[in-house]
Protein chains: 2
Amino acid sequence: MEYIDIHSERNFNEFEELYAKLEKREIPDGTTVTVTGCIHRIREMSDFAFVILRTARRLFQCVYEPSKTDFELAAIKEGDYVRLNGVLIVEERSKIGYDFSIRSCEIITSPRFEIPFVLNKAKLDLGLDMKLDYRPLSLRNPSERAVFKISAAIQAGFRKFFAENDFTEIVPPKIVSAGAEGGADMFSVDYFGQNAFLNQSPQTYKQMMVGVFEKVFVMGPVFRAEKSHTNRHITEFQGIDIEMGYINSFEDIMLTEARALRCVFDYVTENCAPELALLNVKLPTFDTIPRVRFSEAKEMVAKQYKREFRSEFDLEPEEEKLIGDLFKKKYGSELVFVTHYPTKKRPFYTMDDPEDPNYTCSFDLLLNGSEITTGGQRIHDYDMQIAKMNRLGMDTSLFESYLMIHKYGIPPHGGLGIGLERFTMKLLKLDNIRLATLFPRDVERLIP
Amino acid sequence: MEYIDIHSERNFNEFEELYAKLEKREIPDGTTVTVTGCIHRIREMSDFAFVILRTARRLFQCVYEPSKTDFELAAIKEGDYVRLNGVLIVEERSKIGYDFSIRSCEIITSPRFEIPFVLNKAKLDLGLDMKLDYRPLSLRNPSERAVFKISAAIQAGFRKFFAENDFTEIVPPKIVSAGAEGGADMFSVDYFGQNAFLNQSPQTYKQMMVGVFEKVFVMGPVFRAEKSHTNRHITEFQGIDIEMGYINSFEDIMLTEARALRCVFDYVTENCAPELALLNVKLPTFDTIPRVRFSEAKEMVAKQYKREFRSEFDLEPEEEKLIGDLFKKKYGSELVFVTHYPTKKRPFYTMDDPEDPNYTCSFDLLLNGSEITTGGQRIHDYDMQIAKMNRLGMDTSLFESYLMIHKYGIPPHGGLGIGLERFTMKLLKLDNIRLATLFPRDVERLIP
């Protein structure tokens with residue numbers, strides 16, 4: 001019998017492991033190594049050439065000298081996937097403290113066609129649509145790629161916080177029979193002849209699971225059939241959702257989010273140094289986040305910018321931007337919690353403020369003048385929930401499973417939702433959410 | 001201005017933190033503490049009572065004595081959410097080394113109705129349909145809940161391996177214009193009047209991203225509109241998918257999977273001791289996994305069990321079961337790699353075996369006699385991919401973005417896919433995949 005042995009020699013981490021050792025100057029001068037990657041760029045100089053290798057997250061400069069290598073420079077070209085064998089020579093003027101002098105090259109595979117645009121510039125000079133049409137290629141540009149390395153780290157950072165704080169990950173269904181937010185703006189699915197929908201939020205499911213796991217999180221797709229053409233809406237996004245029981249008030253949710261964000265920013269800063277440098281981004285560090293009531297925020301902006309209210313019950317995007325500006329200027333914070341949104345604009349599960357039922361125990365978090373989180377306390381009392389649904393004219397029979405928690409008991413609880421793509425967009429100060437989405441979906445775009 | 005301060009005192013981890021200290025016997029005798037949870041069970045004895053509190057992952061036994069507590073036992077009931085204040089008394093005969101003697105009780109919330117079945121038995125005595133209909137309640141039973149705590153740990157264990165081995169997480173779209181596996185068995189979505197589908201696999205997307213990140217993983221929903229009524233099929237499941245570049249052969253994928261599984265089993269064993277004990281499960285430990293060719297495996301089973309072949313190109317579920325039995329008996333392994341599946345039954349992106357094009361560079365992994373993984377090497381050469389698609393009568397124009405990687409270059413690569421629910425089911429030896437699915441979807445079931 002033959003076996004696969006987990007202790008066998010093969011190792012696929014070669015480059016990042018090597019690079020970590022280089023950064024610590026642990027490799028002795030003159031060591032021979034093999035590096036694997038794609039030839040990103042060849043820069044011919046008078047009597048030698050730089051061959052820049054693109055690996056999973058680096059650009060690694062190699063030196064080609066005719067006298068030291070056993071092949072002609074013309075034998076390789078940009079886009080080739082290669083194994084380069086060579087010698088590491090200590091060189092203090094080099095960024096990583098070594099020169100890599102090529103000895104020989106094995107071409108693993110060579111592309112059939114040349115990429116139809118210039119990939120190896122620092123900034124990819126391509127319009128948004130071209131970038132998206134050519135996603136499998138445009139993301140090979142290190143700056144474009146960096147966004148998604150950071151986006152992955154944001155998810156990992158959140159998970160780190162969730163693990164450290166005893167949140168349990170749950171996987172609720174995406175195909176549902178009724179909508180969590182009441183049913184508008186949902187995509188319909190033909191479910192074996194039955195009409196079903198793509199879920200627009202894991203809201204009811206995460207509330208149900210508070211009764212089981214106390215604190216839960218979900219990271220998964222959320223679908224909104226909105227015909228928006230803005231730079232911050234897509235129809236399918238990655239939701240980061242939490243829900244937690246035994247809260248004292250919705251302030252516990254804000255505190256949890258503040259701590260989670262601090263953990264995420266620290267995690268990304270620690271793990272994505274090369275990508276943050278490439279994009280010239282420094283993440284906010286903070287110990288406190290200012291908070292302001294919805295109505296106060298509206299007044300502050302009206303006063304400061306001599307601006308009239310239009311929508312009474314919500315913040316317009318322009319107002320969010322101005323609140324962001326104001327708090328940045330006045331309190332030095334890129335983040336601001338806006339609390340106590342009007343009852344009219346919040347969904348049926350939102351707990352009303354006991355001191356004024358026109359407002360809710362809820363909040364949004366703004367980052368650089370744009371909403372990145374909606375959260376708050378939920379109703380846990382059965383009669384209160386039924387009364388609110390009746391007031392809103394909802395058919396409670398569609399919510400039988402959801403109402404089980406109210407009927408049979410659930411502790412006071414609340415939570416929040418974050419959209420990964422919008423969060424990444426705001427954090428990296430990109431001007432379109434599509435640049436922070438691997439394969440965006442909107443009214444016009446369904447491919448790739 | 002008011003602020004949310006991340007260093008403020010509030011802490012939501014109280015119980016698990018306390019429990020960890022109790023386990024280490026770090027709490028001094030006579031310490032007063034408050035514990036929060038749901039009253040799972042009240043067991044009245046002659047002159048005292050046990051009040052069993054259900055917390056996020058424990059059953060915590062508290063002692064009620066009329067002489068020591070300031071309330072009547074009748075004031076609390078099963079299902080109440082409470083804060084119990086009391087004293088920890090060192091008691092070696094107790095499982096955790098302490099007795100918790102109740103002093104006072106604050107009822108946080110009390111249910112309106114009694115749960116319509118007995119929740120607090122060790123094993124929930126309920127049929128499958130009832131369990132699923134009452135998911136928000138039935139999962140409050142510790143044994144039912146344990147399955148999903150382990151399922152969450154399986155995901156965390158995989159992510160740990162991926163992070164340690166430089167895999168980048170990607171989030172591909174679920175709404176797509178064409179199918180990754182050719183298009184059969186897909187749910188259709190009304191996408192603003194356009195016909196779209198729910199993706200049946202992230203296959204093409206993860207291959208595209210090998211050219212960007214070298215090694216990628218996806219954890220997200222996968223949809224199969226199969227009208228199956230078996231105990232191991234659902235229409236929506238959580239896929240764990242990887243894809244990696246610069247492989248030498250599909251053996252690198254098997255080795256990676258073996259290492260990943262070892263990491264997952266170790267992680268779950270380390271982090272889910274109470275749940276594994278509750279379910280009486282011990283996870284396999286292994287350093288090697290036997291491997292056998294598809295055709296050999298078929299012959300072994302035919303010979304051993306005097307069984308005739310029916311399907312020439314695939315393994316029947318019964319054959320998988322017998323292979324599982326055979327390898328368990330003969331080689332002591334619950335896991336077995338079956339390699340070189342017939343070309344006829346593998347999808348268009350599968351690399352044929354250069355030594356015999358009737359077979360492929362692919363494998364399945366069986367766990368306890370059931371397939372839990374399908375994987376293999378993919379075609380990276382443009383002409384080879386086009387030729388295979390033509391041979392299969394596919395419309396290559398639907399795969400323009402996918403074929404970009406073959407056209408413009410991609411290193412040799414391969415990967416695999418695992419279904420979380422089936423994996424959990426087989427690992428915990430459950431007899432139906434629905435028991436390992438939080439809210440299962442099948443031909444009949446769309447709620448809760």
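The basis for the numbers below is simple: all heavy atoms, side chains too, and nothing from hydrogens, waters or symmetry mates. Sequence lines set the chain letters: A, B, ... in the order given, protein chains first and strands last, and positions in each chain run from 1.
- A donor-acceptor pair is defined here as one N or O able to donate and one able to accept, closer than 3.5 Å; no such pair exists between the side chain of B:R140 and the backbone of A:V212.
- A:I410 and B:T109 make their closest contact through O-CG2, 3.3 Å (heavy atoms, listed as atom of the first residue, atom of the second, distance).
- Here the NE2 atom belonging to B:H406 is positioned 13.0 Å from the CZ atom belonging to A:F113, to the nearest 0.5 angstrom.
- In this structure, a donor-acceptor pair under 3.5 Å is absent between the side chains of B:Y3 and A:S333.
- Salt bridge absent: B:E169 and A:K149 never bring a charged side-chain N and a carboxylate O closer than 4.0 Å.
- The parts of A:F439 that come within reach of chain B are both its backbone and its side chain, each placing non-hydrogen atoms under 4.5 angstrom from that chain.
- If you measure heavy-atom distances from B:R262 to chain A, the contacts under 4.5 Å come from the side chain alone.
- Between B:F187 and A:F192, the angle of the ring planes goes over 60°, which puts this pair in the perpendicular group of the 30/60° scheme.
- Chain B forms the most heavy-atom pairs under 4.5 Å with one residue out of A:A196, A:P440, A:S188, and that residue is A:S188.
- When the candidates B:G79, B:S110, B:A152, B:A156 are compared by the number of heavy-atom contacts under 4.5 Å with chain A, B:A152 comes out ahead.
- Contact count against chain B (heavy-atom pairs under 4.5 Å) is highest for A:I289 among A:L198, A:I289, A:D5.
- Among the candidates A:I170, A:L446, A:L438, the residue making the largest number of heavy-atom pairs closer than 4.5 Å to chain B is A:L446.
- Here B:R135 contributes atom CZ and A:M404 contributes atom CE; the two are 11.5 Å apart, rounded to the nearest 0.5 Å.
- Heavy-atom distances place the backbone of A:D133, and not its side chain, under 4.5 Å from chain B.
- Ranking B:F286, B:Y402, B:Y331, B:Y191 against chain A, the residue ahead of the rest is B:Y191, based on heavy-atom pairs under 4.5 Å.
- The two residues B:E236 and A:P172 make their nearest non-hydrogen contact at OE2-O, 4.1 Å.
- With a threshold of 4.5 angstrom between heavy atoms, B:F363 does not approach chain A through any atom at all.
- Contact annotation for B:T235: only side-chain heavy atoms (C-beta onward) come within less than 4.5 Å of a heavy atom of chain A.
- Looking only at side-chain heavy atoms (C-beta outward), B:L255 and A:E9 stay at 4.5 Å or farther from each other.
- Remark: A:H380 pairs with no residue by the side chain to side chain donor-acceptor pair (under 3.5 Å) rule, at least two apart or across chains.
- Proximity to chain A (any heavy atom under 4.5 Å) is restricted, for B:E226, to the backbone atoms N, CA, C and O.
- Here A:L137 contributes atom CG and B:K407 contributes atom NZ; the two are 10.0 Å apart, rounded to the nearest 0.5 Å.
- Taking a 6.0 Å sphere around CD1 of A:I115, one finds it holds more than 12 heavy atoms contributed by other residues, nucleotides or ligands.
- In terms of heavy-atom pairs under 4.5 Å with chain B, the best-connected choice from A:I108, A:I175, A:D381, A:D190 is A:I175.
- Taking CD from A:E296 and CD from B:E2, the interatomic distance works out to 8.5 Å, rounded to the nearest 0.5 Å.
- Of the two parts of B:N141, neither the backbone nor the side chain holds a non-hydrogen atom closer than 4.5 Å to a non-hydrogen atom of chain A.
- Between chain A and the options B:P411, B:P111, B:A56, heavy-atom pairs under 4.5 Å are most frequent for B:P411.
- Contact of B:F223 with chain A is made through the side chain alone, with heavy-atom distances under 4.5 Å.
- Only the side chain of A:F327 comes within less than 4.5 Å of a heavy atom in chain B; its backbone stays farther off.
- Chosen from A:M209, A:R159, A:R57, A:M208, the residue pairing most often with chain B at heavy-atom distances under 4.5 Å is A:R159.
- If you measure heavy-atom distances from B:Y81 to chain A, the contacts under 4.5 Å come from the side chain alone.
- Residue contact with chain A, scored on non-hydrogen atoms closer than 4.5 Å, is absent for B:L261.
- Across every non-hydrogen atom of B:P290 and A:M1, the tightest pair is CB-CG, 3.9 Å.
- Ring centers of B:F148 and A:F213: at least 6.0 Å apart, outside the cut-off.
- Between the CD atom in B:E251 and the OG atom in A:S8 there is a gap of 9.5 Å [rounded to 0.5 Å].
- Only the backbone of B:R445 comes within contact range of chain A, with at least one heavy atom under 4.5 Å from a heavy atom of that chain.
- Other residues, nucleotides and ligands place no more than 12 heavy atoms under 6.0 Å from the OH atom of B:Y134.
- The most heavy-atom pairs under 4.5 Å with chain A, out of B:A163, B:P412, B:P136, come from B:P136.
- Residues B:Y408 and A:P116 have side chains in contact (heavy-atom distance under 4.5 Å, counting atoms from C-beta outward).
- Under the 4.0 Å criterion applied to side-chain N and carboxylate O atoms, B:R112 and A:D383 are assigned as salt-bridge partners.
- Top candidate by heavy-atom pairs under 4.5 Å with chain A, chosen from B:Y205, B:Y382, B:F237, is B:Y205.
- Taking CD1 of A:I4 as the reference point, atom OG1 of B:T288 lies at 10.0 Å (rounded to 0.5 Å).
- Between chain B and the residues A:P142, A:G211, A:C38, A:A258, the largest count of heavy-atom pairs under 4.5 Å involves A:G211.
- Within a 6.0 Å radius of CD1 in A:I6, more than 12 heavy atoms belonging to other residues, nucleotides or ligands are found.
- Qualifying salt bridge (charged side-chain N to carboxylate O under 4.0 Å, His left out) partners for B:R145, counting only residues two or more places apart in sequence or in other chains: none.
- With a 4.5 Å cut-off on non-hydrogen atoms, B:E114 touches chain A through its backbone but not through its side chain.
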